[in-house]
Amino acid sequence: MAMPSYPVSWDHKTVFAALETSFGAGAVSITGADAVRLWDVTWTPMEAEDKELPYAKPFFGANASVLINRRSKLSFKVALVGAGAVSAPPWDRFLRAAGAIRTQVLKTPAATIAATATKVSGTGAFTFARTTAYGGVHAATATLTCTTGGGSGVAAFTVTAPALGSDGAYSQTGLVMTTASPFALPGGAVITPSAIGTPFVAGDVFTIALTPAGCSYAPSSDRSGHKSLELVFDLPDPEADGQSQRWRMLGGRCTIKANGTVDDYPYFDVEVTANYAVATTGGEIVPDYTTWPDPLVMNTDNTPLARLHGHDVVLESMGWDAGNSVEFVSRVGRRGARISDAKASLTAKIEAASVTSVDWFALCGGRAFGAFLFQHGGGAGDAVVIHAPRWQLAPPKPGESKKDYMLDLSGKAVPLTEGTDWTIFASTTAAT
């Protein structure tokens with residue numbers, strides 16, 4: 001028997017992934033742009049149950065068996081990065097195949113600036129056109145307080161917005177509002193007043209809502225809307241130069257977690273369960289990773305926000321788990337991976353503060369709900385924000401790190417209504 005002409009390097013594997021047109025039907029196509037940049041890849045080409053034939057016989061020994069529920073699994077890490085200069089982050093496909101729905105806000109003035117101002121108090125009235133898009137990472141409210149009354153070219157305002165994460169506090173005074181002239185708002189947003197219907201009076205207050213550009217993800221209980229993946233696992237063929245051994249996995253659904261530790265790259269930990277793939281050979285697909293941003297190390301410079309139950313904390317590590325139960329279901333007329341439940345949880349390892357500042361044990365004992373808010377990446381295109389508005393703590397666990405007193409916090413995300421367990425937001429610099 002002829003031996004293979006050369007051994008295949010395990011490091012030379014390439015994985016492609018794209019959302020399917022419908023469950024198990026595959027993607028429209030798989031091209032180099034569908035390549036996914038991964039590490040710590042573990043591949044199980046075939047997983048199955050062994051169903052032994054039940055025959056009785058007049059001697060010891062095993063019966064033959066058949067394999068049932070054959071499936072493939074692929075687990076890996078993928079960097080927790082923003083969307084960069086494209087409209088959606090590279091991990092979009094995995095979160096959506098894990099049962100999340102996506103809401104997308106384009107970086108345009110109309111999408112990021114409210115169409116009208118909300119009058120809080122006073123008598124003045126004005127309309128405006130939206131001129132330049134908001135470039136912040138967090139949703140913000142610009143507050144316009146009239147300091148000098150009057151009409152166009154006379155009325156002056158103080159414009160403010162609070163700080164949050166990488167979005168610094170904004171405060172500008174003496175801004176005169178003139179029709180047909182630009183009027184600056186926080187985060188680089190600009191409006192152009194078109195008419196002042198009623199002159200302003202000092203003390204008039206208005207607010208304008210600002211929405212960051214990017215993609216927001218939230219869990220969905222609507223299983224009919226859960227997406228699925230086609231994955232192609234590709235290795236060079238050991239005997240045919242320029243050819244690949246290829247395993248095409250269909251109907252992929254995911255479990256997904258996020259993990260971050262100081263001085264390391266934060267990442268999503270993903271496991272995909274898909275229909276069993278029969279190996280084939282074909283020409284190599286050249287991967288294209290040009291839209292994948294490089295990850296940023298988690299540290300003080302790159303991770304501007306860690307706020308738990310309303311308290312800013314000194315954070316060493318964090319974790320988020322969508323809590324998906326992915327099961328391979330086999331029935332007559334139906335077979336494949338499905339998400340049967342999702343119970344999200346979050347963790348954080350923090351420096352212990354004085355109990356006079358925040359008593360985590362009391363918060364746990366009182367069964368209080370509080371927000372988990374974490375931002376990694378400092379600006380538009382880099383930032384990823386994980387938010388759970390109702391995080392209920394389990395008993396904190398004291399510990400140490402480099403001889404410092406630490407607390408390990410954990411708890412579950414409890415939704416008030418369907419889909420409000422958590423959101424993950426990926427910022428973009430792209431207009432479309």
Chemist: Just do the side-chain contact (heavy atoms from CB on, under 4.5 Å) check on S340 and R223 with the steps written out, would you?
Modeler: CA-CA 8 Å; S340 59; R223 295 199 295 180; 4.2 Å; yes
Chemist: For atom NZ of K343, is the number of surrounding heavy atoms from other residues, nucleotides or ligands below 6.0 Å larger than 12?
Modeler: no
Chemist: Pick from T303, I424, L296: which one makes a side chain to side chain contact (heavy atoms under 4.5 Å, CB included) with V384?
Modeler: I424
Chemist: Strictly under 6.0 Å, is that where the ring centroids of F126 and F128 end up?
Modeler: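 Between F126 and F128, the centre distance is under 6.0 Å.
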Chemist: Would you give the length of the straight line joining atom NZ of K227 to atom CD1 of I339, rounded to the nearest 0.5 angstrom?
Modeler: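 It is 12.5 Å, given to the nearest 0.5 Å.
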Chemist: If we ignore hydrogens and angles and just use 3.5 Å, is the side chain of E20 paired with the main-chain N or O of A27 as donor and acceptor?
Modeler: no
Chemist: Can you tell if the side chain of R248 reaches within under 4.5 Å of the side chain of T280, non-hydrogen atoms only?
Modeler: no
Chemist: Side chains of P186 and Q172: does their closest heavy-atom pair fall under 4.5 Å?
Modeler: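 Sidechains of Q172 and P186: no contact.
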Chemist: Would you find a donor on one side and an acceptor on the other, under 3.5 Å apart, between the side chain of R253 and the backbone of H226?
Modeler: yes
Chemist: Roughly how far, to the nearest 0.5 Å, is the CH2 atom of W360 from the NE2 atom of H311?
Modeler: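 H311 atom NE2 to W360 atom CH2 measures 6.0 Å (nearest 0.5 Å).
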Chemist: Do other residues, nucleotides or ligands put more than 12 heavy atoms under 6.0 Å from K349 NZ?
Modeler: yes
Chemist: For Y134 and I208, what are the C-alpha separation, side-chain angles and deciding distance, and is it a side-chain contact (heavy atoms from CB on, under 4.5 Å)?
Modeler: CA-CA 11 Å; Y134 173 61; I208 299 176; over 6 Å; no
Chemist: Does L229 form a side-chain contact (heavy atoms from CB on, under 4.5 Å) with L19? I'd like the steps, not just the answer.
Modeler: CA-CA 5 Å; L229 290 170; L19 292 176; 3.8 Å; yes
Chemist: A side-chain contact here means heavy atoms from C-beta on lying under 4.5 Å apart; do T21 and E230 qualify?
Modeler: no
Chemist: Can you name the nearest heavy-atom pair linking T423 to A218, along with the distance?
Modeler: CG2-CB, 4.3 Å
Chemist: Could you tell me how the ring of W43 sits relative to the ring of F233: parallel (under 30°), tilted (30 to 60°) or perpendicular (over 60°)?
Modeler: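 W43 vs F233 ring planes: parallel.
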Chemist: Closer than 3.5 angstrom, by distance alone: can the side chain of D237 be matched with the main-chain N or O of Q243 as a donor-acceptor pair?
Modeler: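 Such a contact is absent between D237 side chain and Q243 backbone.
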Chemist: Treating R93 as the side-chain partner and A18 as the backbone partner, does any N or O pair qualify as donor plus acceptor under 3.5 Å?
Modeler: no
Chemist: Can you say whether the rings of H376 and F374 are parallel (under 30°), tilted (30 to 60°) or perpendicular (over 60°)?
Modeler: parallel
Chemist: From S244 OG over to K13 NZ, what is the distance, rounded to the nearest 0.5 angstrom?
Modeler: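 It is 14.0 Å, given to the nearest 0.5 Å.
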Chemist: With a 4.5 Å heavy-atom cut-off, do T14 and E284 have their side chains touching?
Modeler: no
Chemist: Does T112 use its side chain to pair, donor to acceptor, with the backbone of L210 at less than 3.5 Å?
Modeler: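 Pair absent, no side-chain N/O of T112 close to backbone of L210.
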Chemist: Could you measure the distance from the CG atom of N275 to the CZ atom of R335? Nearest 0.5 Å is fine.
Modeler: 6.0 Å
Chemist: Report yes or no: does Q375 contribute a side-chain atom to a donor-acceptor pair with the main-chain N or O of S166 at less than 3.5 Å?
Modeler: yes
Chemist: I'd like to know if the side chain of T158 pairs up with that of T145 as donor and acceptor (distance under 3.5 Å, no hydrogens or angles considered).
Modeler: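 Per modelled atom types, T158 and T145 side chains form no pair under 3.5 Å.
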Chemist: Would you check if there is a donor-acceptor pair between the side chains of N259 and K77 at a distance under 3.5 Å?
Modeler: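 No, no side-chain donor-acceptor pair sits under 3.5 Å.
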Chemist: Quick one: do E49 and R71 make a salt bridge, cutoff under 4.0 Å?
Modeler: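 Salt bridge flag = yes for R71 with E49.
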Chemist: Minimum heavy-atom separation for A344 to W422, with atom names?
Modeler: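 Answer, listing the atom of A344 first, then W422: CB-CD1, 3.6 Å.
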Chemist: When you look at NZ of K397, are more than 12 heavy atoms from neighbouring residues, nucleotides or ligands closer to it than 6.0 Å?
Modeler: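 Incorrect, the count does not exceed 12.
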Chemist: Do you know which two heavy atoms are closest between V36 and W292, and how far apart they sit?
Modeler: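 Taking every non-hydrogen atom into account, CA-CZ2, 3.3 Å.
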Chemist: Quick check against the 3.5 Å criterion: does D341 have a side-chain atom that pairs as donor or acceptor with the backbone of S325?
Modeler: no
Chemist: Would the distance check show the side chain of D288 and the main-chain N or O of T290 forming a donor-acceptor pair, the cut-off being under 3.5 Å?
Modeler: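 Flag set: sc D288 to bb T290 pair under 3.5 Å.
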Chemist: Contact between R390 and L416 at the side-chain level, heavy atoms closer than 4.5 Å - yes or no?
Modeler: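 Of all side-chain heavy-atom pairs linking L416 with R390, at least one is under 4.5 Å.
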Chemist: How long is the span from the CG atom in L346 to the CG atom in L393, to the nearest 0.5 Å?
Modeler: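 Between L346 CG and L393 CG, I get 10.0 Å after rounding to 0.5 Å.
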Chemist: What residues form a salt bridge (charged side-chain N to carboxylate O under 4.0 Å, His left out) with R96, not counting sequence neighbours?
Modeler: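 With sequence neighbours excluded, R96 shows a salt bridge (charged side-chain N to carboxylate O under 4.0 Å, His left out) to D92, given in chain and number order.
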Chemist: Between T103 and S216, is the side-chain hydrogen bond (donor to acceptor under 3.5 Å, both in side chains) condition met? List the steps.
Modeler: CA-CA 5 Å; T103 302; S216 290; over 6 Å; no
Chemist: Report the C-alpha separation of S29 and T31 in whole Å, then their side-chain angles, then the decisive distance to 0.1 Å, and conclude whether the side-chain hydrogen bond (donor to acceptor under 3.5 Å, both in side chains) test is met.
Modeler: CA-CA 6 Å; S29 64; T31 69; 5.5 Å; no
Chemist: Using a 4.5 Å cut-off on heavy atoms from C-beta on, say whether the side chain of V326 contacts that of C254.
Modeler: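 Sidechains of V326 and C254: no contact.
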Chemist: How long is the gap from CG on L235 to CZ on R246, to the nearest 0.5 Å?
Modeler: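 Here the interatomic distance stands at 11.0 Å.
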Chemist: Taking only residues two or more places apart in sequence, or in another chain, which ones meet D11 in a side chain to side chain donor-acceptor pair (under 3.5 Å)?
Modeler: none
Chemist: Taking everything shown except R102 itself, do over 12 heavy atoms lie less than 6.0 Å from its CZ?
Modeler: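 Result for CZ/R102: enclosed.
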Chemist: Can you give me every donor-acceptor pair (side chain of residues 260-269, partner residue at least two apart or in another chain, under 3.5 Å) with its distance?
Modeler:
none

Chemist: What are the two closest non-hydrogen atoms of E47 and T44, and how far apart are they?
Modeler: CB-CG2, 4.2 Å
Chemist: Hey, does the side chain of N324 reach the backbone of I256 with a donor-acceptor pair shorter than 3.5 angstrom?
Modeler: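 Side chain of N324 to backbone of I256, a donor-acceptor pair under 3.5 Å: no, none is there.
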Chemist: So, for V272 and G252, which heavy atoms are closest and what is the spacing to 0.1 Å?
Modeler: CG1-CA, 3.8 Å
Chemist: Strictly distance-based, threshold 3.5 Å: is any side-chain N or O of D167 a donor or acceptor partner for the main-chain N or O of H138?
Modeler: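 Checked: pair present.
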Chemist: Please assess L185 against L144 for the test side-chain contact (heavy atoms from CB on, under 4.5 Å), listing each intermediate value before the final yes or no.
Modeler: CA-CA 9 Å; L185 298 176; L144 285 64; 4.1 Å; yes
Chemist: State, with a plain yes or no, whether a side-chain heavy atom of T347 is found less than 4.5 Å away from one of D408.
Modeler: no
Chemist: Do P293 and P89 have side chains that get closer than 4.5 Å, going by heavy atoms?
Modeler: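 Sidechains of P89 and P293: no contact.
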Chemist: Show the nearest heavy-atom pair for residues A277 and W247, with the distance to one decimal.
Modeler: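 Taking every non-hydrogen atom into account, O-CD1, 3.6 Å.
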